[in-house]
Amino acid sequence: MLYIGVDLGTSAVKLLLMDSDGKIQNIVSKEYPLYFPNPGWSEQRPEDWYDQTMEGIKELLQEADKSKVAGISFGGQMHGLVILDKEDRVIRPAILWNDGRTGKETDYLNEVIGREKLSQYTANIAFAGFTAPKLLWVRKNEPDNFEKIEKIMLPKDYIAYRLTGIHCTDVSDASGMLLFDVKNRRWSQEMCDICGISMSKLPQCFESYEPVGRVRPQIAKELGIPENVIVAAGAGDNAAAAVGTGTVGDNKCNISLGTSGTIFISSKNFRVDSHNALHSFAHADGSYHLMGCMLSAASCNKWWMDEILGTGDYGKEQTAIKNLGRNHVFFLPYLMGERSPHNDPDARGVFLGMTMDTTRTDMTQAVLEGVAFALRDSLEVAKSLGIHLERTKICGGGAKSPLWRKMIANILNLKVDAIESEEGPALGGAMLAAVACGEYASVEEIADKVVKVTETILPEPELAQRYDERYAQFKEIYPACRPVFALLAK
């Protein structure tokens, strides 16, 4: 049988076709526009997502035996606010995860409602990207639109609705809305009251690997697939990527070096750190996970290479880097503010330590190391909860760099496993579809079958020790700069 994974990203939808053995048969990508109607705002049209997904599926299946398609599922950009009216029409463009308009609403939730109550209700505190602050913004600034709301959805769930007619979401994606009681895997009545909505306006919540329905007959006809094709709930992009990298079960870790960066730790047990520095979310395998998310990771290197150095030859710039653990330059990678663990939208990028003998290579090295040091910040929070890790998987565009992988291994002092497929959320979506169709008994079973490690990078004791000393200096820089960041933001 064949399974379709849909990775609904911010710039494009990636579609993947996988067979029963986990082999990838085809991959297609379709782009759609991103809109910035005001400074700091970020929006997309849900109709564009659907149109490009349908076109992508048609292209994906051109050479395939369509009669063998058994299931479809998703990984999707998290936190975006999609609102539908009584006729299931989109009321306004979706407000995305990287939209920055909700500063006042976020402050209201954290300071007036209070972090302690939010953590009690949802296991998390408010971040500007989360969905609940967006709802409050619509209520205050677009009251007519707020009154029209009949259903509140997340980006990938709009696609699932269009395919099945079912208003649905999954536990991992719902965890990032600040409307979900993560510990008990259900909607929070308290948060609904705070946001001024009835619980009936929220979709039915499923486990990621559960079927939500089957494709509508007209959809099946348009795509040329059977009418009994199952649509599974799917997962938020990070949880889906974790499935695609085999980061399921207890005490497994994945680091993603994409536009943003994440350190994702799966756990059989529900945990919350006392400062809510890490997100505590439900996982796509039926358990839980902790996640540290930095807003700029590989995008820092892209900015440095493209905008500052004016070169597209990333590999050549890295070839000159030899002196690991001895660089006298530091870089704070907060080009878009920071989420984990600082939760500071005013934080900014900083170079520190330059002297007259500082070179272009030193600064390139500092950018790569700064991202790794910032990931370690989140790892240290996990360690404070008694979590002990020895190794991590790694994925994302930045993970293609052997040098960056070596830095990660030694700065975090973890064995780093590179994997055969880096298709992340799309592969994870296809795997969840296979579980929903009964091809595999559990998410862990299919992960054991499909995910293959191709290389392991081991930390080097002497280098790891030097980086320990450098990290002790790095972690002092943000607290020293924080008052200045606040001053600059005024």
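- When all heavy atoms of Ser119 and Asn276 are compared, the closest pair comes out as OG-ND2, 3.2 Å.
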Please assess Asn269 against Ser267 for the test side-chain hydrogen bond (donor to acceptor under 3.5 Å, both in side chains), listing each intermediate value before the final yes or no.
-> CA-CA 5 Å; Asn269 301 312; Ser267 175; 4.7 Å; no

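- Here Leu60 contributes atom CG and Glu55 contributes atom CD; the two are 12.5 Å apart, rounded to the nearest 0.5 Å.
- Although no hydrogens or angles enter the test, the distance criterion places no donor-acceptor pair under 3.5 Å between the side chain of Asp157 and the main chain of Ala160.
- The closest donor-acceptor contact from the side chain of Gln52 to the backbone of Trp49 lies at 3.5 Å or more, if one exists at all.
- Judged by distance alone, with hydrogens and angles left aside, the side-chain atoms of Ser175 form a donor-acceptor pair with the main-chain N or O of Ala282 at under 3.5 Å.
- Checked against side-chain hydrogen bond (donor to acceptor under 3.5 Å, both in side chains), Asn124 has no partners two or more places apart in sequence or in another chain.
- We find that Lys449 and Glu445 are not joined by a salt bridge, their nearest charged nitrogen and carboxylate oxygen being 4.0 Å or further apart.
- Close placement of the His167 and Tyr161 rings is indicated, their centers lying within 6.0 Å of each other.
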Output, in order, the C-alpha distance, side-chain angles, deciding distance and verdict of side-chain hydrogen bond (donor to acceptor under 3.5 Å, both in side chains) for Tyr158 and Asp88.
-> CA-CA 10 Å; Tyr158 178 74; Asp88 286 330; over 6 Å; no

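- Using a distance-only test at 3.5 Å, with no hydrogens or angles considered, a donor-acceptor pair links the side chain of Thr245 to the main chain of Ala242.
- Under 3.5 Å, the side chains of Tyr314 and Asp306 contain a donor-acceptor pair of N or O atoms.
- For Asn38, the side-chain contact (heavy atoms from CB on, under 4.5 Å) partners are Trp41, not counting sequence neighbours.
- Pairing each heavy atom of Leu163 with each of Phe74, the nearest pair is CD1-CZ, 4.0 Å.
- Rounding to the nearest 0.5 Å gives a distance of 10.5 Å between CG of Asp170 and CZ of Phe206.
- Taking CG from Asp99 and OH from Tyr35, the interatomic distance works out to 15.5 Å, rounded to the nearest 0.5 Å.
- At distances below 3.5 Å, not a single donor-acceptor pair connects side-chain atoms of Glu59 with backbone N or O atoms of Val28.
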Stepwise salt bridge (Lys or Arg N to Asp or Glu O under 4.0 Å) test for Glu423 and Lys14 = CA-CA 9 Å; Glu423 298 307 327; Lys14 179 185 285 187; 3.0 Å; yes

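- Using a cut-off of 4.0 Å between Lys/Arg side-chain N and Asp/Glu carboxylate O, Asp173 and Lys156 are scored as salt-bridged.
- Contact check on Asp48 versus Arg45 returns a salt bridge, with a Lys/Arg side-chain nitrogen under 4.0 Å from an Asp/Glu carboxylate oxygen.
- Between the side chain of Asp273 and the backbone N or O of Leu278 there is at least one donor-acceptor pair closer than 3.5 Å.
- Side-chain N or O atoms of Ser73 include none that pairs as donor or acceptor with a backbone N or O of Gly5 at under 3.5 Å.
- Checking side-chain atoms of Asp285 against main-chain N and O of Gly249 turns up a donor-acceptor pair under 3.5 Å.
- Within 6.0 Å of NZ in Lys183 there are 12 or fewer heavy atoms belonging to other residues, nucleotides or ligands.
- With hydrogens and angles left out, the side-chain atoms of Tyr3 and Glu439 include a donor and acceptor closer than 3.5 Å.
- At most 12 heavy atoms of other shown residues, nucleotides or ligands fall within 6.0 angstrom of atom CD in Glu390.
- Tested against Tyr32, the residues Asp51, Thr10, Thr53, Leu8 include a single side-chain contact (heavy atoms from CB on, under 4.5 Å) partner, Leu8.
- Looking at Arg186 and Asp181, a side-chain N of the basic residue comes within less than 4.0 Å of a carboxylate O on the acidic one, giving a salt bridge.
- A donor-acceptor pair under 3.5 Å is absent between the side-chain atoms of Ser296 and the main chain of Tyr334, judged by distance alone.
- Annotation for Lys415: atom NZ does not count as buried by contact number, only 12 or fewer foreign heavy atoms lying within 6.0 Å.
- Counted by atom type alone, Glu31 and Ser11 present zero donor-acceptor pairs between their side chains at under 3.5 Å.
- Within 6.0 Å of NZ in Lys406 there are 12 or fewer heavy atoms belonging to other residues, nucleotides or ligands.
- Separating the CE atom in Met407 from the CD1 atom in Ile457 is a distance of 13.5 Å, to the nearest 0.5 Å.
- Between atom OG1 of residue Thr456 and atom CZ of residue Arg405 there is a gap of 10.5 Å, rounded to the nearest 0.5 Å.
- Atom NZ of Lys68 is surrounded by 12 or fewer heavy atoms from other residues, nucleotides or ligands within 6.0 Å.
- Other residues, nucleotides and ligands contribute over 12 non-hydrogen atoms within 6.0 Å of the CD atom of Glu142.
- Other residues, nucleotides and ligands contribute over 12 non-hydrogen atoms within 6.0 Å of the NZ atom of Lys201.
- Taking 4.0 Å as the cut-off between side-chain N and carboxylate O, Lys268 and Glu444 count as a salt-bridged pair.
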Side-chain polar contacts of residues 211-239 - donor-acceptor pairs under 3.5 angstrom, sequence neighbours left out - could you list them?
{"residue": "Arg214", "atom": "NH1", "partner": "Asn228", "partner atom": "O", "Å": "2.6"}
{"residue": "Glu222", "atom": "OE2", "partner": "Lys58", "partner atom": "NZ", "Å": "2.9"}
{"residue": "Asn238", "atom": "OD1", "partner": "Thr262", "partner atom": "OG1", "Å": "3.4"}

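- Under the 3.5 Å distance criterion, with hydrogens and angles disregarded, no donor-acceptor pair is assigned to the side chains of Glu420 and Thr454.
- A donor-acceptor contact shorter than 3.5 Å is absent between the side chain of His283 and the backbone of Ile265.
- Between the side chains of Gln77 and Gln44, at least one donor-acceptor pair of N or O atoms lies under 3.5 Å.
- For the pair Asp417 and Arg391, the salt-bridge criterion is met [side-chain N within less than 4.0 Å of a carboxylate O].
- Every residue two or more places apart in sequence or in another chain was checked for a side-chain hydrogen bond (donor to acceptor under 3.5 Å, both in side chains) with Tyr209, and none qualifies.
- The side-chain contact (heavy atoms from CB on, under 4.5 Å) with Ile152 is formed by just one residue from the set Leu84, Leu135, Val82, Thr169; it is Leu135.
- In this structure, the side-chain contact (heavy atoms from CB on, under 4.5 Å) partners of Glu317, at least two apart in sequence or on a different chain, are Met305, Leu309, Thr311, Arg360, Thr364.
- Under a 4.0 Å N-O distance rule, the pair Asp19/Lys23 does not qualify as a salt bridge.
- Contacts of Ser340 classified as side-chain contact (heavy atoms from CB on, under 4.5 Å), with partners at least two apart in sequence or in another chain: His279, Cys293, Ser378.
- Checked against Met191 for a side-chain contact (heavy atoms from CB on, under 4.5 Å), the options Leu202, Thr122, Ile197 give a single hit: Thr122.
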